[in-house]
Colleague: 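Before I ask anything, let me first share the structure, which is written out below as structure tokens.
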Amino acid sequence: MYPFVVFVLLLLNWIIFSGKFDAFHLGLGVISCLFVTWISQDFLFYDRSKGLKERMHEAWAFLCYIPWLTWEVVLANIHVLKLAMTNKGYMEMAPRVVTIKTILKTDFAKFVFANSITLTPGTITMLVRGDIIHVHVMSQFLEDDLLSGAIEKKVAEIFEPGVLQKA
Amino acid sequence: MLKKKRKEQERKMKDSSFIPVLAETMTSSLNDLNIIQIFGFLLGVLGLIFFLGAAVGMLRFPDFYTRMHAAGKGDSMSTMLMLSGLGLVTMEDYSLGSWLVFVKIMGIVLFIYLTSPTSTHVLMKAAFEDNHMPLDEKDLKKAKGKKK
Amino acid sequence: MIDWFAMLVGGSLFLFMVPLLYRIWVGPTAYDRILAVNVIGTKTAVLLVVIGALFDRVHMFVDFAIAYALLNFLASVVVSRYLNRTAAERNVEEKTKGARA
């Protein structure tokens, strides 16, 4: 089943990027997508024990997560604009490194968590080693915000609902 | 219809001076705009403002890690806003071809959304393992004193 | 009107790239320079789409922009990996020198 999903995703990409709908181009697309799927279908979707229903649920939850993330990106940019343009924001700046420990287990969830930290205001992930994450933050206020762990909870709700119940 | 308009404009161009004609063409093209295009203009100008913030931050911040904050965020956001604004502006008719172009532009946006944090993270890791430590408070005070 | 908008956006992009060029010129470390090059590359992808809007060939220039964004990302990742590796080698050399002496 997973090879079929990979094939459909590749074909969708082909259709968008070629922009031609006659039989010749579509046939070329089907042939090349079949070839690529045959060579490298095991690169996508590392954990294959999950069923299709669970995956669809994950994808839907992730799509719902994106607007919230976009709003966070807007906030981050207003924050950086304030720091760069006004003198008062420049004086408030106090960069430091904070170490936090995650409850997330799988690599993909950690990847989403680290990228979300990078996109939220005033925080950037520096290093991820095992379940310890070093974060560079701009000021004290943001550090408190980070340590409250709102992003981690959101990511855990999407990808690993089991972890939350244990903790 | 269009040809008639153009001919009239050309005749006016010959007859009168340059500036009133320019104003007239601008206002007439403003009347032709629909609301989606105006929204696109607004998005583009907002993106320019955010990019100005990123550039000033790159110039002004005291050390590499703080410059990373300016570059990594202002860059992705301003690219997103400007590209979606351009995508909305260049949609002339709502045919399949123009929709495909719009989806491709959104594909660039998605790609940059994915890769910008990754390249930021890789650069930061490289700098950290090359023994460039972030500023501590003494150095920060020195840097701020210089600015004053 | 699209022409006016494209000229405005393209000209301002060029204007705002000047501080980044300054950062490339004087940047204290190599990492500052790569960072500024990365930002300029991303903005060049936007500039390609603007040029497409000026010439009424957006469907063609969008493909160039995609390729440019891809190459830009690859370039920044490869250069930082290279610097990372040379830094690690230097660290190992220093440690072995200390062990001999």
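Chain identifiers are assigned alphabetically (A, B, ...) following the order of the sequence lines, protein sequences preceding nucleic acid strands; residue numbering begins at 1 within each chain. In this text the structure is predicted, and so the values were computed from the model without any measurement. Because only heavy atoms are used, hydrogens play no part in the values below, and waters and symmetry mates are left out as well, while side chains stay in.
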Colleague: For C/L15, which atoms come within 4.5 Å of any heavy atom of chain B: side chain, backbone, both, or neither?
Modeller: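 For C/L15, there is no contact with chain B at all, as no heavy atom is under 4.5 Å.
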Colleague: Using the test salt bridge (charged side-chain N to carboxylate O under 4.0 Å, His left out), find all partners of C/R90 that sit at least two apart in sequence or belong to another chain.
Modeller: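 C/R90 satisfies salt bridge (charged side-chain N to carboxylate O under 4.0 Å, His left out) with B/D130 only.
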Colleague: Kindly indicate whether the side chain of B/T118, heavy atoms from C-beta on, has any atom under 4.5 Å from the side chain of C/F73.
Modeller: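 The answer is yes, as the side chains (C-beta and beyond) meet within the 4.5 Å cut-off.
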Colleague: Taking side chain as everything from C-beta outward and backbone as N, CA, C, O, which of these in B/I112 sits under 4.5 Å from a heavy atom of chain C? Side chain, backbone, both or neither.
Modeller: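 It is the side chain, since no backbone atom gets that close.
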Colleague: Which residue out of B/M124, B/R67, B/K104, B/M58 racks up the most heavy-atom pairs below 4.5 Å with chain C?
Modeller: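 That would be B/R67.
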Colleague: Count the heavy atoms of every other residue, nucleotide or ligand shown that sit under 6.0 Å from CE of C/M7, and state whether that count exceeds 12.
Modeller: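 No - once you tally the heavy atoms of other residues, nucleotides and ligands closer than 6.0 Å, there are 12 at most.
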Colleague: Rounded to the nearest 0.5 Å, how far does CG of C/N38 lie from CE of B/M68?
Modeller: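 Between B/M68 CE and C/N38 CG, I get 9.0 Å after rounding to 0.5 Å.
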Colleague: Which value, rounded to the nearest 0.5 Å, describes the distance between C/H59 atom NE2 and B/T90 atom OG1?
Modeller: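 Nearest 0.5 Å value for the NE2-OG1 distance: 10.5 Å.
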Colleague: Out of curiosity, B/L59 CG to C/L21 CG, how far, rounded to the nearest 0.5 Å?
Modeller: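 It is 11.5 Å, given to the nearest 0.5 Å.
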Colleague: So what's closer than 4.5 Å to chain B heavy atoms on C/A30: side chain, backbone, both or neither?
Modeller: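 No part of C/A30 comes within 4.5 Å of chain B.
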Colleague: Which bit of C/V18 comes within less than 4.5 Å of chain B, counting heavy atoms only: side chain, backbone, both or neither?
Modeller: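 For C/V18, no heavy atom lies under 4.5 Å from chain B.
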Colleague: Show the nearest heavy-atom pair for residues C/V49 and B/L83, with the distance to one decimal.
Modeller: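 Distance-wise, the nearest heavy atoms are CG2-CD2, 3.8 Å.
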Colleague: Identify the two heavy atoms, one from B/L86 and one from C/F5, that lie closest to each other, and give their separation to 0.1 Å.
Modeller: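 Shortest heavy-atom contact: CD2-CE2, 4.0 Å.
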Colleague: With rounding to the nearest 0.5 angstrom, report the CD1 to CZ distance, B/I105 to C/F61.
Modeller: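 Reported to 0.5 Å precision, the distance equals 13.0 Å.
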Colleague: Checking B/S78 against C/K43: is there a side-chain donor and acceptor pair closer than 3.5 Å?
Modeller: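 Judged by distance alone, the side chains do pair up.
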Colleague: Nearest 0.5 Å, please: how far is CZ in C/R81 from NZ in B/K125?
Modeller: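 It is 5.5 Å, given to the nearest 0.5 Å.
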Colleague: Counting heavy-atom pairs under 4.5 Å to chain B, which of C/V9, C/L70, C/V26 comes out on top?
Modeller: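 Of the options given, most contacts go to C/L70.
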Colleague: Among B/A54, B/A71, B/S119, B/A127, which residue forms the greatest number of heavy-atom pairs with chain C at distances under 4.5 Å?
Modeller: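 Of the candidates given, the most pairs with chain C belong to B/A127.
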Colleague: Highest number of heavy-atom pairs under 4.5 Å with chain C: which of B/V101, B/T79, B/V45, B/D63?
Modeller: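 The candidate making the most pairs under 4.5 Å is B/T79.
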Colleague: At a heavy-atom separation under 4.5 Å, does C/D63 approach chain B through its side chain, its backbone, both, or neither?
Modeller: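 Contact with chain B: side chain only.
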Colleague: Quick check for you: among B/V56, B/L48, B/V122, which has the greatest number of heavy-atom pairs under 4.5 Å with chain C?
Modeller: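 Option with the greatest count: B/L48.
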Colleague: For atom CZ of B/F128, is the number of surrounding heavy atoms from other residues, nucleotides or ligands below 6.0 Å larger than 12?
Modeller: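 Result for CZ/B/F128: open.
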Colleague: May I ask you to decide if the ring planes of B/F64 and C/Y31 are parallel, tilted or perpendicular, using 30° and 60° as cut-offs?
Modeller: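 Tilted: the ring planes of B/F64 and C/Y31 meet at 30° to 60°.
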Colleague: Any side-chain hydrogen bond (donor to acceptor under 3.5 Å, both in side chains) pairs touching residues 11-29 of chain C, not counting sequence neighbours?
Modeller: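 Only C/T29-C/D32 qualify under side-chain hydrogen bond (donor to acceptor under 3.5 Å, both in side chains).
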Colleague: Which bit of C/L35 is near chain B, if near means a heavy-atom gap under 4.5 Å: side chain, backbone, both or neither?
Modeller: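 Interface part for C/L35: both.
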Colleague: Tell me which of these, B/I108, B/T120, B/T115, has more heavy-atom pairs under 4.5 Å with chain C than the rest.
Modeller: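 Option with the greatest count: B/T115.
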